[in-house]
Amino acid sequence: CNLQPKDAAKMPESAWKLLFYTLSWSYGVYLLFFTDYPFFYDPPSVFYDWKKGMDVPTDIAIAYLLQCSFYGHSIYATAYMDTWRKDSVVMLLHHVVTLTLIAFSYAFSRDCKGSRQGLPGGRRLCWGKLRWVSCLSRDPRGPLNPPCSLCPGRFWFRLYWFPLKVLYATCYSSLQSVPNIPFYFFFNALLLVLTLMNIYWFLYIVLFVAKVLMGQMQEVNDVREYDVEDSKKT
């Protein structure tokens, strides 16, 4: 593909993430729009008739397995396999928080909350990661279209729908449906941490767009990556 050596070295990481997020996004779309689950259009419904010890439906359990195995692997991959970036420590924390949410949700039979957080999360993450994949896979001498075109999508999914649909259901609707719901503060604290991370990464995109508009970038590069001199020190 006529990639520069530094981009070719990162292509396996990008290709793997693109493959997984495409699959998880597709399965999430299937569960949200082609089954009887009303989670997307009626987020508070995740807590209707909730009770301890609920059985996790097979299709939801598959989503748990996919997400949990991916984020378990991602902790190792971020630390030892992927290119180390300025946000790698935050990325590790993100994977640990997400894995904790998914695993504890399943362990406590909180299938409603866990599936609601995990499935559309994969969908939002897909759009976010595609933005970086497009940066790595395009010819740096070509037009600046793919990266900027996905910036609104990342904002819409992570900073608008995530608080509107996920946090609203877990912070407010859960108490309306189940006043004494267990682990309320534990789960919501972790979800709020994810929200702060979403804001953190969106600021990187704003910085990227600002540098492009101000003519400070001669070619499209990932602003999270270290400069050559910095990478030697790292």
Side-chain angles (χ1 to χ4, degrees), residues 13-14 16-29 31-32 39-40 43 46 56 60-82 84-133 153-171 174 183-205 224:
E13 172 192 348
S14 299
W16 157 245
K17 291 179 179 178
L18 176 62
L19 173 63
F20 173 80
Y21 287 120
T22 300
L23 294 175
S24 65
W25 180 86
S26 301
Y27 191 62
V29 168
L31 287 175
L32 289 174
F39 300 153
F40 185 81
V46 300
V56 180
I60 297 294
I62 292 174
Y64 269 112
L65 179 62
L66 289 173
Q67 297 287 340
C68 198
S69 59
F70 173 77
Y71 284 106
H73 158 75
S74 295
I75 293 175
Y76 174 83
T78 300
Y80 299 107
M81 297 173 62
D82 298 345
W84 194 257
R85 301 180 176 93
K86 297 176 183 177
D87 67 335
S88 291
V89 174
V90 180
M91 184 67 74
L92 277 172
L93 178 61
H94 170 272
H95 296 337
V96 171
V97 170
T98 304
L99 184 62
T100 302
L101 273 168
I102 297 172
F104 275 73
S105 171
Y106 190 89
F108 294 128
S109 297
R110 301 193 69 187
D111 59 304
C112 290
K113 182 170 184 176
S115 61
R116 182 63 193 93
Q117 193 278 331
L119 302 178
R123 183 180 178 195
R124 285 185 299 273
L125 287 171
C126 177
W127 285 100
K129 291 297 180 181
L130 277 174
R131 177 250 177 268
W132 296 114
V133 170
R154 188 179 179 93
F155 173 84
W156 184 265
F157 285 111
R158 288 188 172 221
L159 299 182
Y160 178 70
W161 267 355
F162 186 83
L164 179 67
K165 293 183 175 293
V166 177
L167 294 183
Y168 174 80
T170 60
C171 294
S174 60
F183 307 105
Y184 173 84
F185 292 103
F186 173 75
F187 280 100
N188 282 296
L190 294 181
L191 289 172
L192 289 173
V193 169
L194 290 182
T195 304
L196 293 177
M197 292 181 185
N198 289 339
I199 296 173
Y200 169 79
W201 276 307
F202 186 75
L203 293 178
Y204 267 112
I205 296 180
R224 303 171 302 163

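In this chain, numbering begins with 1 at the start of the sequence shown.
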F185: ring-ring contact (aromatic ring centres under 6.0 Å, His included) partners, not counting sequence neighbours: none

Residue pairs, two or more places apart or on separate chains, that pass salt bridge (charged side-chain N to carboxylate O under 4.0 Å, His left out) and touch residues 61-78: none

Salt bridge (charged side-chain N to carboxylate O under 4.0 Å, His left out): pairs with one or both residues in residues 65-82, sequence neighbours excluded: K17-D82

Which distance, rounded to the nearest 0.5 Å, do you find between the [atom1] of [X] and the [atom2] of [Y]?
{"X": "R158", "Y": "I205", "atom1": "CZ", "atom2": "CD1", "value": "8.0 Å"}
{"X": "L99", "Y": "L190", "atom1": "CG", "atom2": "CG", "value": "11.0 Å"}
{"X": "Y76", "Y": "M81", "atom1": "OH", "atom2": "CE", "value": "6.5 Å"}
{"X": "Y106", "Y": "I102", "atom1": "OH", "atom2": "CD1", "value": "13.0 Å"}
{"X": "L167", "Y": "T195", "atom1": "CG", "atom2": "OG1", "value": "4.0 Å"}

Ring centres under 6.0 angstrom apart (W161, F157): yes

Is there a side-chain contact between [X] and [Y], using heavy atoms and a 4.5 Å cut-off?
{"X": "V166", "Y": "P43", "value": "no"}
{"X": "Y71", "Y": "H94", "value": "yes"}
{"X": "F104", "Y": "F183", "value": "no"}
{"X": "L194", "Y": "L101", "value": "yes"}

Side chain Y184, main chain C171, donor-acceptor under 3.5 Å: yes

Expected output: side-chain S24 to main-chain F20 donor-acceptor under 3.5 Å: yes

Set of side chain to side chain donor-acceptor pair (under 3.5 Å) partners for T78, sequence neighbours left out: H95

Parallel, tilted or perpendicular, as decided by the 30° and 60° cut-offs, for the rings of Y160 and W156: tilted

Aromatic plane relationship, W16 with F70 - under 30° parallel, 30 to 60° tilted, over 60° perpendicular: tilted

Minimum-distance pair of heavy atoms, taken over all atoms of [X] and [Y]:
{"X": "Y64", "Y": "S105", "value": "OH-OG, 2.6 Å"}
{"X": "F162", "Y": "L191", "value": "CE2-O, 3.8 Å"}
{"X": "L31", "Y": "A63", "value": "CD1-CB, 4.1 Å"}
{"X": "V46", "Y": "A169", "value": "CG2-CB, 4.5 Å"}

Applying side chain to side chain contact (heavy atoms under 4.5 Å, CB included), can you list everything that pairs with [X], at least two apart in sequence or on another chain?
{"X": "S69", "result": "none"}
{"X": "V96", "result": "I75, T100"}
{"X": "Y200", "result": "D87, V90, Y204"}
{"X": "L23", "result": "L19"}

